[in-house]
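In what follows, a single structure is set out as C-alpha cells and then discussed.
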Amino acid sequence: MAKEKKFVEAVTPMSEDFAQWYTDVVKKAELIEYSNVRGCMILRPNGYAIWENIQKNLDAMFKETGVENVYMPMFIPESLLQKEKDHVEGFAPEVAWVTHGGMNKLEERLCVRPTSETLFCDFYSRIIESHRDLPKLYNQWCSVVRWEKTTRPFLRSAEFLWQEGHTAHATEEEAEERTIQMLNIYADFCEKYLAIPVIKGQKTDKEKFAGAKSTYTIEALMHDGKALQSGTSHNFGDGFARAFNIQYSDKENKLQYVHQTSWGMSTRIIGALIMVHGDDSGLVLPPRIAPVQVMIVPIAQRKPGVLEKAAELKSTLIEAGYKVKVDDSDKSPGWKFNEQEIRGIPLRVEIGPKDIEAGQAIIVRRDTREKLVVSLDELADKIGETLEKMQNDMLERAKAHLASHIYEAKTYDEFKDTVENKPGFIKMMWCGDQACELKIKEDTTATSRCIPFEQEQITDVCPVCGKPAKKMVFWGKAY
RNA sequence: CGAGGUGUGGCUCAGUUUGGUAGAGCGCCGUGUUCGGGACGCGGAGGCCGCAAGUUCGAAUCUUGUCACCUCGACCA
C-alpha cells in the first residue's frame, strides 16, 4: 500500500536536473561531506570504501606487470618544478605554494604536488646509471592538489586521490609499449570491475599532457551524454630525461637518455561510476566493486527468530565469500529498502516470519528491482549467480548506452546540429589542424575527446575546413 | 576567473518588501506500540539567522565587504 506522505526528500530525478541529481546522490549515499576548505571533500566510509576496492584491484593488476609502489614527498621545490618548460607552464596556474615553515619564510617556496613527474625524474636521475638499472616501473598512491577554479565532488576537487605510475625505459619502443599496456589495463579494469565501457585513443596535441610526447586516454560516456576522461597514459619520449639529465650507459658504454611514461587514474572514476550506473533511486554499484554486496533486511525483526535467522544467513553468505551486512536498525522495512537502494548496494535479501516458515528468502536486484524467491539452502548459490549476472547486465547496458550515443557527422552543419540536439560522442574526420579543433570548441563547446585506435574513413575531407582528412576523431562535451 | 542565483536548528524552507530580538515540517534523543516500499502516540533537546564591519535605542531584515555552495561559461584529471 502506497503512502501519500513522503517525509524524506527524494533524489532529484535525472531528467529534471542531472547536475542536481549527481549532487544529491553523492550526498545522500553518504559518499562525501564538504569540508572547510574550498574544493576539498571528506570521503566518508561509503565513498572511501569504493576507492579502497578500486585501489586494491587496480594495484594488483599493476603488480602483475612488474610495477612496484613507492612514496614520494608531497612538496616540490620551485626550481625542480621549473625544469621542464611545457610541464611548468601547464601546471603553474593551479599549484598551491608553501611559503613558510613555522614562522620563518622559506628560502625557496615549495609547491604542493599537482603531479610528481619532476620528483620522479629527479629521483631517476640519481638512481639510474646503467642499462642494467632499467626499466624502472614505479607507482605511487597519493593525493595531489590542483587549485581549480570550480570544483565538483569526485569530478574535480582541489585535492584528490589517485595513483601515478612513472616508468623509465632504455628504448622508445619499450616506453611506447608500456604506455599502451597501462592504457589497456585501465580499460580492462573499467570493463571488468566497474562495468564501464570506454573508448581508447590518443589525445590531440591540444589536449595532451603538459610535457608529454603523446597522451592516450580512455573516455567514458556518462548517462547525460557527456564524456569523462577516465584515465590517461603518457609517453614522454626523452623530453623529461633531457631536462632532468636522466642518462644510462648502454651495452656499448655510450650515454643514452631514458624514455619515460606516466599514467594515472583518480577518484574521478567514482564520478564515472555514479554517472554511468546511477538511477533516480540513487547509486547502483557493480557487484565487483561494491563495498557491501548484500544487505539483509529482516522483516518484523522483533518477532522471535527473525534476527537470529538474518544473522545466520549473514554468516553463511560471508563464509561463501560475499560482503554482507544486516540492517537491524529499528527503521521500518520501507526505510531500509530505500537506504539500500540509494547506497547502490547490489542485492537485498528480505527475510521475515513468513519466509522462515516457508524456508525461503527474497533476493532483490538493485539495478532491475527484479525479485527472486529462493529456498534458504540455495541462497548462497543464487546470490553468487545473481551478483555475476548483475555485473554482466550492467556492463551490457552501459555498452548499449554508449553504442546508441555515438553519432557520425559528414558535414560541419550536421556536426553542430548533433552537438546541439544529441548528447554523446560524435565521430567526425579531422585534418589535424589545431585551428579546426579550436573553431569547433568555439562554435559548439565540444572538444576532441580522442583519436580512437579503431579508425574509420567517414569523409575524405575535414568538414570544418575542407582540407584532406587525416584522422577520425571522437568529439563531445566533456566534464 | 566572468555572468546569474542561494546562504535562517542536522535537512527542506517560511519570516526580509514595511527593523522590535526566530517559526514549521522532517530528522535527532527518550519511551511504548509497530514492521513485506521512507509507520504512529506521548515527552524532550537543538538556531544569537554563513562570517565581519557599519547605520540604528534596537538588525535575520537596511548598507558595505567577505566566504561557501549551485547553474552557465573560460581553465583543467
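A, B, ... follow the sequence lines: proteins, then strands. Residue 1 opens every chain. Computed from a predicted model, the values in this text were never measured in an experiment.
Taking for each of A:Gln301 and A:Ser157 the nucleotide of RNA chain B with the nearest heavy atom, the 5'-most of the two is the partner of A:Gln301. Residue-to-nucleotide proximity on RNA chain B shows that, of A:Pro333 and A:Lys206, the 5′-proximal contact is made by A:Pro333.
The aromatic ring centroids of A:Phe75 and A:Trp97 lie 6.0 Å or more from each other. Ring centroid separation for the pair A:Tyr216 and A:Phe209 does not come in under the 6.0 Å cut-off.
Going from the P atom of B:rC11 to that of B:rC48 covers 14 Å, rounded to whole Å. Using atom P as the reference point in both B:rG54 and B:rA59, the two lie 12 Å apart (nearest Å). Here the separation of B:rC40 from B:rG5, taken at their C1' atoms, is 40 Å to the nearest Å. Comparing B:rA60 with B:rG50, their C1' atoms are spaced 12 Å from each other, to the whole Å.
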Subject >> Derivation of the side chain to side chain contact (heavy atoms under 4.5 Å, CB included) call for A:Ser262 and A:Phe236 >> reply: CA-CA 8 Å; A:Ser262 90; A:Phe236 289 155; 3.3 Å; yes
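Listed candidates were B:rU71, B:rC76, B:rU34. Nearest to the side chain of A:Glu94 is B:rC76. In this structure, the nucleotide among B:rC69, B:rG38, B:rC35 sitting nearest to the side chain of A:Ala300 is B:rC35. For A:Lys354, taking side-chain heavy atoms from C-beta onward, the closest of the listed nucleotides B:rG36, B:rG37, B:rC1 is B:rG36.
Note: A:Tyr124 and A:Phe120 have tilted aromatic rings, judged against thresholds of 30 and 60 degrees for the angle between ring planes.
Judged by distance alone, with hydrogens and angles left aside, A:Thr267 brings no side-chain donor or acceptor close enough to the base of B:rA77 to form a pair under 3.5 Å.
A close approach under 4.0 Å does occur between a side-chain nitrogen or oxygen of A:Ser332 and OP1 or OP2 of B:rA39. Put simply, A:Arg369 has no side-chain N or O that comes within less than 4.0 Å of OP1 or OP2 on B:rG37.
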